[in-house]
Amino acid sequence: MRKATKNNLVTCGITLGFFVIFGILSMTGVLGSQLSGLLIPIGIYIILAISLNLTVGVLGELSLGHAGFMCVGAYVGGIFSIITQDTINPSWLRMILALVIGGLAAAIFGLLIGIPVLRLRGDYLAIVTLGFGEIVKAIANNIYIAMDKNGLHFSFAASITDIDAATKTDVTAGPLGMKAPQDTNLILVVVVLMICLVALMTFIDSRTGRACMAIRDNYIAAQSVGINVTKYRLIAFVVSAAIAGVAGVLYSHSITSLVSKKFDYNLSILILVFVVLGGLGSLRGSVIATIILYALPEIFRELGDYRMLIYAIVLILMMIFNNAPSFIMLRERIGASAPVQKIKSIFVRKKNTAGGAE
Amino acid sequence: MAENIKVAENTVPMLEVKSLSIQFGGLHAVDGLNMKIRKGQLYGLIGPNGAGKTTVFNMLTGVYKPTSGVIMLDGENITGKPAIVINRAGIARTFQNIRLFKNMSVLDNVKAGLHNHTKYTAIEGVLRLPRYFKEEKRTTEKAMELLKVFELDGEAEHLAANLPYGKQRKLEIARALATDPKLLLLDEPAAGMNPNETAELMQTIHFVRDSFDMTILLIEHDMKLVSGICEELTVLNFGQELAQGETSAVLNDPKVITAYLGE
């Protein structure tokens, strides 16, 4: 088996294992309701982190507006679900359609931003995505949509007045946000997460992913071997945006009241922190960093403000653990040490005997 | 009939450059260069520092757009075309300061060079359709073949950045050859090499020319390498052609000696 394939399988195993173990713990009641409630957001944030890793780690472009794409997906998916709540049943079919539509909407925005910006070299993408995130948030904060028997009503001014009160349904009400149906559950999140994870792995480990990494490593050399630089940057960026949109749909269907304030600059930076600390280009790193860094402040909630102190210390430790030469050596030594090798050899032998039986 | 073909081969040069010029503001970096390279030739472009040699390469590969002049590759006009179009037309190059894909494996570097010869779409790759496996297998085999030629197959899984200097140079040539070019441009291939490595490089270049049936144009400062392998030379000085012709004749030209050593 190839090294890349093996690595990918381990990452899938870790991710799936985490959710299976903690899902069972939460079902049997061992895990408190507070911690059980973390599983869905962790899954959603992992999707966001791995999708951002495609832009930042594989393509080598800085994006500071990932929350903006999530916001597009959350609102478009949410609006779709509210409008079709009575017409499309069962709910799982509606949810799948919402995921597809939310992802497509985010992809279209990614394309619109990418076409002008990704032709340029430099930090323009960071600047433009930063602005995009704020613009999307502001629009979502000021849009009013309501529905009655005559159809949909839009307004950017204030709540909608000329509406048939008897059949009125609010879709989204500006700063008050919207209430999408609660169609997200843990199994759906894990299924979508695994699909996104595997799709990203196969994307990276293909001709397309190689082209993206070649562009990241050396723009001029990539052109000199005939790689269409703009095309592959665009493909990777749009895929990244689409997956963020899908995460947004899951998010808007998992909380009782969605407000646009959530999708601010801090959220984009938080996701970027997950990606950078997990290791650029490493999907497994993004998964693990997201689990640790998202769960940590919640676990230490009783400590009040001190928990941010612990958070900071963990951030620094992760930086050192990933980058300091002495730690890298220590990790290699642990990997080569007798007990670890013994455990590894057990797995290898198992596989060999299984292969022999076939 | 056979004679006709031979005549045709002789009359259409692999690369023909006619009065090629480029200006950066008021500076005439290259001024009215003419050059004709036959198929299978080993051709040298030399000159003192700042003579405009790399600028010529950048125009030939589409990094710069010439101000005037014509570039014909195997009878096809490629003047001012974008870099990827020129690569597909059949020019590949290496760089003076090595430009590898440093954080990718040695094998993946060559596979990236085979990009346009790996024929499956992004969607086929993500969904792992049969064509992905077929093409990926073929690409890997071809890349390994190329690595074997340059004796890099043992390091296929290493990161390109971890290779020693001489092997990085070889990998760059392997990657350029992966694009299946008609004309290979080598920009100072012996820069930073010791005499042993240079001698080995000369063998490699000869080998590439013979076994890949390649036409090679190279920029070099190492006179031992130039006189050892180049069949014809063009000497540039301050953007203008100083001398042209067979290697031994050019290198003994008093004008050339003056340009290099001073009065």
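Naming: A, B, ... by sequence-line order, numbering from 1 per chain.
Within a 6.0 Å sphere centred on CD of B:E151, heavy atoms belonging to other residues, nucleotides or ligands number 12 at most. Atom CZ of A:F109 sits in a sparse spot, with 12 or fewer heavy atoms from other residues, nucleotides or ligands closer than 6.0 Å. Surrounding CG of A:D123 are at most 12 heavy atoms belonging to other residues, nucleotides or ligands under 6.0 Å away. In A:Y124, the OH atom is not crowded: 12 or fewer heavy atoms of neighbouring residues, nucleotides or ligands sit closer than 6.0 Å. More than 12 heavy-atom neighbours from other residues, nucleotides or ligands sit within 6.0 angstrom of CG on B:L27. Around NZ of B:K102, the count of heavy atoms belonging to other residues, nucleotides or ligands within 6.0 Å does not exceed 12.
Between the CG atom in A:N218 and the CZ atom in B:F95 there is a gap of 7.0 Å [rounded to 0.5 Å]. The structure places CG of B:N97 at 8.5 Å from CD1 of A:I220, a figure rounded to the nearest 0.5 Å. Once rounded to the nearest 0.5 Å, the distance linking OG of A:S206 with CD1 of B:I123 reads 11.5 Å. Between the CG atom in B:N103 and the CZ atom in A:R216 there is a gap of 5.5 Å [rounded to 0.5 Å]. In this structure, OH on B:Y120 lies 7.0 Å from CZ on A:R207, to the nearest 0.5 angstrom.
Per-residue heavy-atom pair counts under 4.5 Å with chain A were compared for B:R88, B:M104, B:E124, and the maximum is reached by B:M104.
Neither the backbone nor the side chain of B:I86 comes within less than 4.5 Å of any heavy atom in chain A. Contact of A:L200 with chain B is not made at all, since no heavy-atom distance falls under 4.5 Å. Using a 4.5 Å cut-off between heavy atoms, B:T118 touches chain A through backbone and side chain atoms alike. Contact of B:A83 with chain A is made through backbone and side chain together, with heavy-atom distances under 4.5 Å.
A salt bridge links B:E136 with A:R210; the closest basic N to acidic carboxylate O contact falls under 4.0 Å.
Across all non-hydrogen atoms, the minimal contact from B:F101 to A:V225 is CZ-CG2, 4.4 Å. The nearest pair of heavy atoms linking A:G226 to B:H115 is O-CD2, 4.5 Å.
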Problem set entry | Steps toward side chain to side chain contact (heavy atoms under 4.5 Å, CB included) verdict (A:V198, B:R128) | CA-CA 11 Å; A:V198 171; B:R128 291 289 193 259; over 6 Å; no
